[in-house]
**Student:** 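Take a look at this one; I'll ask things after.
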Amino acid sequence: MNVGVVVFPGSNCDRDMFHVLSDVFHMTPQYCWHDKPLPENLDAVVLPGGFSYGDRLRAGVIAAHSPIIQDVKKIAEKGIPILGVCNGFQILVESGLLPGVLLKNDSLNFMCEWTNLTVENNKTPFTNKFELNEKIPIPIANGDGRYFVDDETLKQLERKNQIVFKYDQVVNGSSNQIAGVCNEDGNVVGMMPHPERAAEPEINPHDNKPSSLIFESLLQKIGANN
Amino acid sequence: MSLEPHELEELKLKIGRDPTSTELQIVAAEWSEHCSYKSSKKHLKILPMDGPLVINEKGYDSGVLDVGDGYVVTAHIESHNHPSAVEPYGGAATGVGGVIRDILSAGTRPIALLDGLRFGDIEKDQHAKWLFKNAVKGVADYGNCLGIPTIGGEVEFDECYANYAMVDVAAIGFGKKENLIKNHAKKGDLVVLMGGATGRDGIGGSQFASDSLESENRSAVQIPDPFIEKLIIEAILEARNEKLIHAMKDLGGGGLSCAVSETADALDIGIEMDVDNVHTRESDMHSDEIMVSESQERMLIITDSVKLVKFQDICNKFRIECSVIGHVTFDSKMHVKKDGKTIANISTDIVANATLLDLPSKKPKYLENIEEKKSFPVLSDYSEIMLKLLASPNIASKIWVYGQYDHEVGIRTVVKPGYDASVLRLDNGKFLSIKIDGNPKQCYINPREGAIGCFEEACRNVVCTGAKPIGMLDHLQFGNPKDPEIFWTFLESLKGLTDFAKDFEIPCIGGKVSLYNETPKGSIKPTPVIGVIGLIDKKPLRIQKINSGDCLIMIGNTKDELGGSEYSEYIHKFIGGKCPAVDFSESKKNMNAVLELVENELIKSAHDCSKGGLAVAVSELCMTNLVGCTVPLDDVPGDNLASDEILFSESHSRYLVTFEKKNIQNLEELLKKHNVSFKTIGEFGGESIQFTTDSKPVIDLSVDKAQKTWLNSLKEMVMHA
Amino acid sequence: MGNYRVHVTIENKPGISDPEGKTILNDLVLKGTHQNVSKINTAKMLKFTITENTKESAQSKVQEICDELRIYNPMVSVVTIDAFDA
Amino acid sequence: MGNYRVHVTIENKPGISDPEGKTILNDLVLKGTHQNVSKINTAKMLKFTITENTKESAQSKVQEICDELRIYNPMVSVVTIDAFDA
Ligand SMILES: Nc1ncnc2c1ncn2[C@@H]1O[C@H](COP(=O)(O)OP(=O)(O)O)[C@@H](O)[C@H]1O
Ligand SMILES: [Mg+2]
């Protein structure tokens, strides 16, 4: 199960993601440096969190112009599962792979805290093992995590079932408390919270099983594909 | 930047001629207090620096501890007080950057940060608020961007820091022992400067840190660039893995002058360099400026010409500039050229070893009667005072601060900020527990006992997680050492720390001295900040939620020690009274007892009693678990104390442990075996925090109300004028 | 060919909230004694130095860069571009 | 009394580095096809709407607010203040 972990200058959750993919869920991750072409044989791609290019200009915008994103776009069209977490989500949004934009949190501050998500769509490659409306205790850590779309796009997202996760409470001012969305085909998913920080009991003070399901969903999906 | 007249004479005598202007600049930077420790070095030698786990190598800027299975932990602490006082955002951020590069220099990956922040009275002083807010943002922006979790720290406000800022940062590193940089060099090796371009920012910074702060008009500010620091970290670690680095040092205070001379001195080599090879930001920089610029995010690397090629490839990959600025010689000289012409050529041991001073000291007058006790009016109800304390800036929850710090990145943080010490998991299955503590109010009243108290408090916090203290970092921050009274307080603190370290066999693995911390109103209070690192071989205490019916035991005696307490100072505006003193044997017994309780999995949580005393410590348990508790004051171990003393005295060596009732017998047996003073003082339940005497409440507060006040107070203070 | 300075000002589209401007206004300015300020909006500015034939071409070149590289996000922001002689 | 718009532009003092501008230039603009850009500096802007008697008093009032509330730190930044009729 080959999973590409895309690394940009300034990515900083790449090693965490790698650890969880390989040591906890026994996949075969490989780092993909931003200025090299994406390897051919990937079953899935993860864009981890961090501060690509120091979040300069706007979080994710400089990374979105990397050559590797062109490759990501190509395999996205083929239906290969792609997950962007935190800065990875911001990059997906800035590159047009996902709708919407991530703005500065309402608090104007970086926020690092645990929160609860509700699963709104259990048809994606990262949520197929969830029940609808299942809860996930999970941490967020971002300064620009306020997901914003205009009303019309919001209606569309709802109609096309593109809202994947919502916060249980008002956390940062996101439109409709959206925490994660997918593309129309459902194979590209972006989320602000960090599942890789919640998948092991040792570091999860609440319950690590729900976050684990995100990775187990992927295993199930790839297993079914192969 | 300049030498004092007698230092200039001494320099002339040592080199037998007049120094060149470049030599003058280099020596002035290196002989500054900040770089040379000239006032403190003689005395620092008393601290015990060795221990079974300590690894000593030449040229390390951080302490190294062997944590077994081929792994090491590194640690260091620094402050950035002067820069933060004029530019809190950049000063705090570059403070984080500097200490991280010390960790990196040893060849270890930085895995955690802790920050200690101190400012004036934010309730009254708008400027203090501005400093605080921006310093927090500086730490957050820098650490978060690097992906190094800030897992703990402390925040304190005291009028002695009016118009000033104390920003201490401790950093922890982790790596394989075999990857430690061995710091060696042979003749012909190349000297490489990598990282950001050298600019005019921060010129004279170390001198600046050694002067008292007279005016805002010092242009020593440094602009933080965490993005380039992140690239440097990854590039260096990659180069380390490829074994491309012979020796390495970060550029800090004194810039190239200090890095080059200290490296050469430590490795017993000479270095010849050309300033024209340094990559600069502005084309018109004078060679002296290049030598003393304190531009951030730079590292000095020694390698050889074969490895250089690979090293440059790595720098290219990360788009970091690097330039070969010189090479290693064997004449033990620091030889600086420009356009092929010598502009400085001077023995490194002269540069790197300023003449150490033995400054006079004298017990300060203010201490004569300061510990005289003052009794405060006895009240029948302390609820209002209690609420006021919970809302006070020093006691209110610091969640507004650590909530802005990514404390989870790296996925090592097992115990997160908000409790006592934070705990990290290591790759060998062990755990590391870390806390920093300071207490200037107590150190002011009794510099010796106060410093010991900080040390013991940090130990206590670490012990509460189940960790055994294995190393200490000290950061000694005082005013002008040339004032004998101030210097006396420095020596007393140092002696106290030494006694405790020796008695408890906790080696000092690193530290820093910061002097000349003077505000427009005079010297700061003595502010030693102590970091303690603890190791857990098996399992850390997994903090469990306290429920109704669970019980509370207090270990340790409460004493008549209100001096320097928040109750005295915040409520009664009284500075003085008896300062809490650590009884070494009681302290040791209590630590061992708590460690065994954790190991035997008999308890749900352990919490130390510190700021605000028993009353605040019990409230914290109630507020974080949203459950009430009733504590009869008559049950609290200690003799013959007034209610306010039992409630608010900040006596050391005290722990609150919570547990399920069914464990009570095992617990009591174990505690008796350890021969500690303890008592079951309460049972959890209900919705209010209650303290009683003769069954009558002296405090009765709704948990809900207390919690809201405690959680939101600091944020309210910062956000609203 | 000459050097031109081109200023790019990026600000929120009307209708998109600006919490930062609001906070500066409410928590800082209005808390003080300055009641006559009725609004604060924040914007970000990039100052380009560019070599072009004319001021007009400098301006249109920078506009092109802004659109192509998404210097601003058209979903939420608008840009104003002003060129000056260097 | 009238309404005035007052623009406050905050930027780093000359000689002080601007890491953000540098990254935008090197990692975004110069990586594309736009080699004729030689420099990018970033600045922050606050746009005030204020009621005052004259444009001049609007301008000096805003300057006063900026200094008093430490909207910028004179150690690192310079401000330019421009007033316009609303
Ligand atoms: N500046 C800070 N940065 C990060 N964490 C902090 C900071 N200040 C306080 N904390 C965290 O808040 C909690 C309480 O801190 P403190 O009141 O200093 O504890 P204690 O009284 O046990 O020393 C700790 O977990 C501490 O690490
Ligand atoms: Mg504590």
**Student:** Can you name the residues of residues 39-59 of chain C that have some heavy atom under 4.5 Å away from a heavy atom in chain D?
**Tutor:**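 When heavy atoms of chain D are the reference, residues 39-59 of chain C contributes C:Lys39, C:Ile40, C:Asn41, C:Thr42, C:Ala43, C:Lys44, C:Met45, C:Leu46, C:Lys47, C:Phe48, C:Thr49, C:Ile50, C:Thr51, C:Glu52 within the under-4.5 Å range.
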
**Student:** So for atom NZ, which belongs to C:Lys22, do other residues, nucleotides or ligands contribute more than 12 heavy atoms lying within a distance under 6.0 Å?
**Tutor:**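 No, the 6.0 Å shell around NZ holds no more than 12 heavy atoms from other groups.
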
**Student:** Residues of residues 8-16 of chain C under 4.5 Å from chain D (heavy atom pairs)?
**Tutor:**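 Within residues 8-16 of chain C, near chain D: C:Thr9, C:Glu11.
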
**Student:** Would a 4.5 Å heavy-atom cut-off, applied to side chains only, mark C:Ile71 and D:Leu28 as touching?
**Tutor:**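 Sidechains of D:Leu28 and C:Ile71: in contact.
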
**Student:** Return the CD1 to CD1 distance between D:Ile65 and C:Ile24, rounded to the nearest 0.5 Å.
**Tutor:**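 Interatomic distance, D:Ile65 CD1 to C:Ile24 CD1, rounded to 0.5 Å: 11.5 Å.
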
**Student:** Considering only heavy atoms, which portion of D:Glu68 lies under 4.5 Å from any heavy atom of chain C: side chain, backbone, both, or neither?
**Tutor:**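 Side chain of D:Glu68 only, per the 4.5 Å heavy-atom cut-off to chain C.
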
**Student:** Tell me, out of D:Thr33, D:Leu69, D:Asp18, D:Leu25, who's got the most heavy-atom pairs with chain C below 4.5 Å.
**Tutor:**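 Of the candidates given, the most pairs with chain C belong to D:Leu69.
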
